[in-house]
Amino acid sequence: MDRILELQDVGFRYEKNWVVRGIRLQIKRGTFLGIVGPNGSGKSTLLKIMDGILHPQEGDVLFEGISLMKMKRTQIAKKISMVTQETHFHFNFSVLEVVLMGRFPHLGIFKFEGKRDLDIAKEALRLTDSIDFAHRPINTLSGGEKQRVLLAKTLAQEPEIVLLDEPTTFLDLRYKTEIFEIISSLIKEMGLTVVVVSHDIDLVSQYCKEVLLLKDGKVFDMGTPKDVINSENLRELFDCQILVDLNPITGTPRVNLIGGS
Amino acid sequence: MEDIQGPPVTPKKVIIISSLSIILLLIVATVSLILGTAHIPFNKLLLLIKGRLGSNDPAYLIVFKIRLPRILLGGMTGYTLSLGGVVFQALLRNPLAEPFILGTSSGAALGAVIAIVLGMGYGVGVPLMAFGGAVFTLSLVIVFGKKGAGVESSTILLSGVIINAFFTAVIMFFIATSTHTLLHNMLYWLYGDLSQSRFEAINIIFIPLIIGSIVLYGLSTHYNLITAGEEEALHMGVEVEKLKLISIVVVSLMVGTVVSFSGIIGFVGLIVPHLSRMLVGSDHRVLIPVSAIGGAAFLIASDTLARLIISPSELPVGVVTAFLGAPFFIYLLRKRGSRWIES
């Protein structure tokens, strides 16, 4: 199968200790990959490496066979986009203005967004079900609305890969599901490739095609949700009592936390 | 469903809003030419512009030799300080940022004070020393804040604050040990003094102002993105480190050049960007021209008042900008909240 992004024995450290090391990973075009792991296991670092903003000291990251380190930032931003954990705008912009910012890598200096850019932004707003508040100031939206707008901004970038760093952390149950639902439909409709870092393992197991378990900066296990999300793996990964059974409706692995042990 | 007519910012919108700002600027400048200790009626001004009055007419001297260069210098200074304020507020994601926040002004002030103590003239010595001080401070801030390929925002901010404090102490030393006349000159310089304006200064400022404006305007969309954070901008394709370095150097050199001739004029670079943001929003493709032109108009108006209030004597223009600016700003804050900043 066609691989879009390849990590070749990637190792990265900020200072002395390796944050991630020996990561060998092939991401297939059109897949939905979930990365799961405890706090500090290197998940966010791994995403930043995939977006080329951190350069690994060991190994290489290839987008369609070309090293990210040899590509310019705008070049990468046309192919790979990222929704960060928390984005805060320090001055006031409308939702439409924010989504149009996604066109940045496609516009040159002294250029303005034209009709085509506007159409792309509108489509992105429609796909994320956020067109109704296009004229509202971004900082007045609720968490769920804002996350959808940031996803729309990412789509306006017209990337081939979308990376999401814990997109559902601050959302309630309904919005959590909604985000995963929107992402799945985007993969189907637009052939996007998506990598999500998430602590919502139930949602990862329902929506993702593949799951990577990360522990201490190394790949602990990787495979389909049914293969890797099981009691033994999660107990070892998170070092706590967990029972994984099957969700009676979807038939996907379900996490049950067991306290008091 | 809300309808979306067109992109929020178009070249047409930028041109219309900038033209309106320029009209305002021209009105302010014209009024400033008329008003003063010697009143020049409007019809006489028209005759002067048409060239009907000879160069030995006293009105000719007042308008073309005294008021016009002063208006031009004031306009360019206001323009540069507001432009610098807008850029630094975006770059540092700090609504309190102003063009002097990195210490450039105190470096320039120290240079100027030393030049005044040494008895250097206002034509060459003082501006040259002030500019040298500004460049020296800029290099210090960059050296202190250097990290990898770029500079770290929090470090340069802190360096700026500390350099400011240190240089202010040195300036105070000179003030404390100076004679009465020198003291007067120093204080006027420190609060902004446009009374020494000459066409030579305007020629020197003009070129860096044009080049700097083009460079900074070209980076408008970059400033939009960086308001959401450096990492966010990086993900979107902005070369953040390059952006910071270019902006800091360009703004500081532009500011260093104007303050060398005008002295330290506070408040313009803080208040005009905020007023402009209230009026036209946060997109820098509109915000930058409106702030810059608005800054020019604001400073010309303030300087006209500085000439009038205790006429025939005059106040340092920085006193007027702060005296008018501060209460007006508080009024707006109370009335509007800080909605235009973050909502």
Side-chain angles (χ1 to χ4, degrees), chain A residues 47-48 51-53 72-78 80-98 100-115 117-119 121-122 125-126 131-140 150 153-154 157 163 165, chain B residues 1-14 86 89-95 97 148 214-215 217-243 273-274 277-278 281-287 338-343:
Chain A
L47 273 195
K48 286 178 196 168
D51 196 22
I53 72 167
K72 279 189 173 171
R73 284 285 349 137
T74 44
Q75 250 182 312
I76 296 176
K78 281 182 199 169
I80 307 173
S81 72
M82 171 116 160
V83 177
T84 49
Q85 246 178 60
E86 235 194 323
T87 305
H88 180 71
F89 288 85
H90 290 258
F91 294 100
N92 207 2
F93 288 97
S94 76
V95 165
L96 180 61
E97 284 176 316
V98 168
L100 280 169
M101 284 181 194
R103 299 303 297 156
F104 174 82
H106 300 271
L107 292 174
I109 271 176
F110 295 115
K111 291 268 174 63
F112 289 73
E113 297 91 2
K115 191 178 175 306
D117 301 294
L118 190 69
D119 288 342
K122 274 199 231 174
L125 283 164
R126 196 187 59 75
I131 200 148
D132 285 342
F133 34 86
H135 296 293
R136 289 217 354 234
I138 180 82
N139 290 331
T140 62
L150 294 175
K153 180 183 99 178
T154 283
Q157 247 172 286
L163 309 171
D165 195 359
Chain B
M1 174 162 2
E2 290 200 39
D3 58 325
I4 298 166
Q5 302 285 336
V9 177
T10 56
K12 198 175 149 195
K13 184 176 169 185
V14 173
V86 165
Q89 283 169 8
L91 207 64
L92 301 166
R93 292 172 299 287
N94 188 339
I214 294 170
V215 171
Y217 191 74
L219 297 171
S220 313
T221 49
H222 298 64
Y223 298 129
N224 290 345
L225 290 176
I226 209 166
T227 61
E230 289 183 10
E231 200 182 301
E232 180 71 18
L234 209 51
H235 286 299
M236 302 288 296
V238 177
E239 305 266 4
V240 171
E241 296 308 332
K242 242 190 249 170
L243 175 69
H274 283 298
R277 217 174 264 119
M278 273 185 208
S282 303
D283 192 309
H284 289 80
R285 288 170 296 187
V286 188
L287 184 58
S338 55
R339 253 188 305 146
W340 77 95
I341 304 177
E342 292 190 26
S343 65

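Computed over heavy atoms, backbone and side chain alike; hydrogens, waters and symmetry mates excluded.
The one candidate from B:E239, B:M236, B:K242 that meets the side-chain contact (heavy atoms from CB on, under 4.5 Å) condition with A:R73 is B:E239.
B:R285 places no side-chain N or O within 3.5 Å of a backbone atom of A:F112 that could act as its donor or acceptor partner.
Of the two parts of B:T10, only the backbone, made up of N, CA, C and O, holds a non-hydrogen atom closer than 4.5 Å to a non-hydrogen atom of chain A. Contact of B:L92 with chain A is not made at all, since no heavy-atom distance falls under 4.5 Å. Only the side chain of A:L125 has a heavy atom closer than 4.5 Å to any heavy atom of chain B. Of the atoms belonging to B:V240, not a single heavy atom falls under 4.5 Å from chain A. With a 4.5 angstrom heavy-atom cutoff, A:E113 touches chain B via backbone and side-chain atoms both. For a residue to count as touching a neighbouring chain, one of its non-hydrogen atoms must lie under 4.5 Å from one of that chain's; by this rule A:K153 touches chain B with the side chain only. For A:I76, no part lies under 4.5 angstrom from a heavy atom of chain B.
Residue with the most contacts toward chain B among A:L118, A:T74, A:I109: A:L118 (heavy-atom pairs, distance under 4.5 Å). For chain B, the option among A:S94, A:A77, A:G52 with the highest count of heavy-atom pairs below 4.5 Å is A:A77.
Contact between B:G6 and A:L96 at its shortest, heavy atoms only, is O-CD2, 4.4 Å. Counting all heavy atoms, side chain and backbone alike, A:I53 lies closest to B:E231 at CD1-CG, 3.8 Å. When all heavy atoms of B:H235 and A:T84 are compared, the closest pair comes out as CD2-CG2, 3.5 Å. In plain terms, the two heavy atoms of A:L100 and B:P8 that are nearest each other are CD1-CD, 3.2 Å. Pairing each heavy atom of A:M101 with each of B:N224, the nearest pair is CE-O, 3.9 Å. When every heavy atom of B:S282 is checked against every heavy atom of A:F91, the shortest pair comes out as OG-CB, 3.7 Å.
In this structure, the separation between CZ on A:F89 and CZ on B:R93 is 12.0 Å, given to the nearest 0.5 Å.
Classification of the A:F110-B:Y217 ring pair by plane angle, with boundaries at 30° and 60°, yields parallel.
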*Stepwise, does the side-chain contact (heavy atoms from CB on, under 4.5 Å) test hold for B:I4 with A:I131?*
CA-CA 9 Å; B:I4 298 166; A:I131 200 148; 4.2 Å; yes
